[in-house]
Each structure stands twice: as C-alpha cells, then as structure tokens.
Amino acid sequence: MMIVSTPNLPKTSICLTVEDFTEPLRRRSLPKEESPRSGLKPHDTLGADDRRQSACSIAERRIEEHRKYSSYGIEAPTPIGIPSEEQKSPERSPSITYNTRQPVRSLSAGWKESFRRKLNIFRRPSPSSLSSRSTQHFLSPSPEMSCKTNQESVKMKKSISFSETTRNALRRSFRHKNVPACSSEEDRVSTARRNSLFVKRGSVTMEPIKKVDLEEVYTVNKQLGTGRFGFIKLAEHKQSKQRIAIKFFPRPQTKQADFVREYNYSFFLSPHQNIIDTYEGMFQSSDDTAYFFVQEFCPRASLREAVEATNQAGIGEANTKKVFAAVLSAIEFMHDENLVHRNLKAENILIFDANDYSKVKVTDFGLTRKVDTTVKYLEYVNNYHAAELCDTVVNEKLVVNKSTDIWALGIIFFYCMKGKFPWQKASIMCKPYWEWEQWLKRKNPALPKKFNPFSEKALKLFKKSLTPRFKDRWTAKDMRKCLAKEKLLKSVKVAVPYY
Ligand SMILES: Nc1ncnc2c1ncn2[C@@H]1O[C@H](COP(=O)(O)OP(=O)(O)OP(=O)(O)O)[C@@H](O)[C@H]1O
C-alpha cells in the first residue's frame, strides 16, 4: 500500500482505497476472453506497469475529477460523509474551515469519536488494516508528488480538510435516503457515502455479488421494460416501503463480466443529476436465475412514450430544449470521463415529472465503453445508428468514439421536434437518408422537406451531428451551447389582415 501526496490541492481530501493499487494488477490478470456484449476485452488494462506509477496517476486523475465535478455543479465527490448539524459535537463550530494541514489527532475527541463511529472509515492504517477493503487513505497536499512505502505511510499524518462546498455536499449525502437494497445498519452507513466517486471507483468492482432472497427483501411487481439483455421490474423494498426498479440479467445468457461492468458504470455515473441513480450493491437471486441491481424508479415514462403520446406532433421547442439541457449535461459529463454511452435512444431517456420535463435522466449503461476501446459490432441497426455503424457488418471490429453518441443525439433532437424519425437507417439504400446526404454534400441544392421548419441554427446542429464524416461532428458541449442559445424553428410569418 502506498500513499501519494498531491500538490496544489484546494481544501479537499482525496481518498484512495487498497483496490486502487491492486486493481491495475488484478485487471491485467483477468482472462481476455471475448464478451458477447460487443466488447472484445471485458476488462481493459489500466496500462501502468508499476504500482508507484499507477498510484500517482490515480491520484492525479482524481484531482482532475474533483475539479471537473465542481465545474459541473455536482456535489463535490468526497470519500467520506461529514456529520450533519445534529451529529456534530457542539464544541466544533460549523463555520470553521478546516485547515488542510490539520492532523486528525488535533480534532476534538468527541467529534472525532462520533465521526469514527458513524462512518467507520477514519481508521489509522495499521499493517493489517492496509490489506482490508475498508481502509481509506487521505492525501494531504504537499509541495511535490511523492509515493511512500507501506511503513512510511503508517507514520504519515493524515489530514482532513474540507472546503465549505465539500462540507455541505457531504452533509447532504450523509442525510441521503436509505438505500433499499441494504438491510444492516453498517450497510446503510456505507451507502450514505455512495455519492462519492472515490469510494465507488476503488472498491466496488471487487465487491462480491451477494445472494439475495428476492421474496424476502422485495415485493416484485409489474415489468417496466425489456431490453436485449434483461428486463426491469418495479418492486417495493419491504423494509423501507420505497418503490424501486430492479434490473435483472438472466443468468445463463449474461456473463458476469458484462453484469459487473454495467453495474459499475451505472453506479460510478450516478452522482450526476441527469443520470439514473443506481444503488450500491450487486446481487444475484438465491435460486441463481438472475443477477440484478437496484435503481431509482421512474414513475412516469421514457422520452419515447412521451413523444408517442403527442401523436407525431413532437414535444415542442421549449420541452425539447429542457430535455436536451439535461441529456447533454449527462453526455458531456460522460464524454469528459472518456466514456461513450453507445446506446442513446428515446427509450433510455427517462422523464420523471408529469408535464414540465424538469427532471430528465439518462439510463442504460450496458454498452458504455471507454473511448478507443475496440469492440465487435453485434447490434442490430436501429434508427439512432450513425452512418459508419450502418455500414458495418456483424462481428466487424470498431473503435469506440464519442461521435456515435453525437449522431444519436441529432436523431433524438429531430424525433423530439417532429415526433418521428428522419429515416429508418442511415444508409444510402434508405431514400430519406440518401436525400439528406445529397443535400449535405451539395449534390442536391434542395433541402429535404422534413427539415424545412427548422431555423438556420437548428440546421447547423443537424449538419454537425448527422454528418457521415464523424471527425466533423460537434462535441456535446457545442450542441449544448447551440440548443441553449438559439431559436430552433423558423419564425412563422403571420399575415397582417388589411382593413
Ligand atoms: N428506473 C427505471 N424506472 C422505470 N422504467 C425504467 C427504468 N429503467 C428502465 N426502464 C424502462 O425499461 C426499459 C428497458 O430498460 P433498459 O434500457 O435499461 O434495458 P436494456 O436491457 O439495457 O435495454 P436495451 O435493449 O436498450 O439495451 C427502458 O426503455 C425504460 O423504458
């Protein structure tokens, strides 16, 4: 186990778990078998060859992540919870900004004790606890990045430091609702920290898949949806009476690696406000028929159902803008994390509120992969597939690229505005697409009629998302800026009556 000190860290602590160091090695030792869910390698390697290198790069990545999260306005991810007002000892004033160099020892005993009891993570690392999963190490800022050996790390003083924002975020996460999948007190305490990226990243992948007697813990109700790889059911957690959605993956058909990967991406991404909340824990039914994990329940509908309900009229400019503000924020976040969703479609965008589209979340991270991963093309072509995917044959290798998400977003934009798809397949064999491509390549000056109602700026958005030249496609950020600022429909000239 090593401890890494990091320079220039603002008043924030960063936590590494034992797995951060062992993970790269563990991953390398995994068999590189082919995955049926289009991945060539279920587990890609992190690439860093020695532990020291790996520890340093993880620390750097996390600092970078912390900055990114702050810029997204997300609750600052932090390794631990902070006591809420009532849990704090009166001797510590909430207005105090903890000094970055403040050693744990100097905190008031009462406060420290209650903190330790509640979170059970402020343990001083002992040689034995260094191999324990729950050991958390806090890094203190130091003038230079340095890696320390086990023994040095034991001697090293840990420090707590929270900026005001971080403390508020932690307080909120500490008060977070109980997670339905857990039963014991200890579990509840640990899941209160689930908003922490750092905890998730390092520890969850090696968490065993727990066997759960479904009947005992949940009342499973109707099916909410089915997909290629599994199905989602509405359920009630018996203990908390909370309604949740359980995503099931039938066992013989699902590889454990695929299940674990989907769970990890779902859980890792859930702190974002426009990404479905996934509760901590991977489970399998006690009769071994399915793996499952638990997500928040969306009581309303998917974007697909919302658009279908308009009878091909579309949801209108204002609502489209609201949906896209949310979706693009989520996708921009994923892309900044070098992840590509790869399965963006109206069914995977969930609308939580009845009328005003103010709560919209992206779901289904089953096909999510890192940028530049090589995958096998196994999916059937759908309306959202980019031109380059439609030209691909089954089993052909592809390199994962953000631009496929941008294309899908262009299609979803058209679908929201017009209530139907621009074409069935982005292939020149499909006439509507061929017409669009001819106009795009200036081989035909006539814009296909279906694009007529759109403003110049909206047309630019189409040109920059639905272009076969994937290198020319916009980023999610460009799309977000355009959609936030510009008018999307041509203004209709109203004839003034002549008197
Ligand atoms: N948390 C939820 N609450 C309510 N409905 C949901 C929830 N999650 C998913 N659904 C519905 O269930 C459908 C299938 O879910 P999901 O897309 O996650 O399954 P999948 O097997 O990964 O599907 P796909 O074929 O797209 O890969 C979704 O289209 C959505 O309408």
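Atoms within a ligand are numbered from 1 in the order they appear, just like the ligands themselves.
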Under the salt bridge (charged side-chain N to carboxylate O under 4.0 Å, His left out) test against Glu332, which residue among Lys481, Arg480, Lys477 passes? Arg480

So Phe421 and Tyr384, ring pair (Phe, Tyr, Trp, His ring centres under 6.0 Å) or not? Walk me through it. CA-CA 9 Å; Phe421 292 102; Tyr384 305 89; 5.3 Å; yes

Any N or O on Glu305 sitting closer than 3.5 Å to an N or O of ligand 1? no

Ignoring hydrogens, just give me the one of Leu234, Asp364, Asn382 whose non-hydrogen atom is nearest atom 26 (O) of ligand 1. Asp364

A student comparing Gln223, Lys247, Lys345, Arg342 should find that the heavy atom closest to atom 18 (O) of ligand 1 comes from Lys247

Phe267 and Met282, any side-chain heavy atoms less than 4.5 Å apart: no

Taking distance alone, with no angle check, do Asn343 and ligand 1 share an N/O pair under 3.5 Å? yes

Under 3.5 Å donor-acceptor, Trp436 side chain and Leu466 backbone: yes

Side chain or backbone of Ala245 under 4.0 Å from ligand 1, or both, or neither, by non-hydrogen atoms? side chain

Pick from Glu262, Lys361, Glu347, Arg300: the one approaching atom 30 (C) of ligand 1 most closely through a non-hydrogen atom: Glu347

At a 4.0 Å cut-off, with the gap strictly under it, does some heavy atom of Gly230 reach an atom of ligand 1? yes

Answer yes if the side chains of Gln295 and Thr278 hold a donor-acceptor pair under 3.5 Å, and no otherwise. yes

Of the choices Arg243, Lys233, Gln295, Glu296, which has the non-hydrogen atom that lies closest to atom 1 (N) of ligand 1? Glu296

The complete set of salt bridge (charged side-chain N to carboxylate O under 4.0 Å, His left out) pairs with one or both residues in residues 417-429, sequence neighbours excluded, reads none

Ligand 1 N/O within reach of Ile276 N/O, cut-off under 3.5 Å: no

Without hydrogens or angle criteria, can the side chains of Asp353 and Ser358 be said to hold a donor-acceptor pair below 3.5 Å? yes

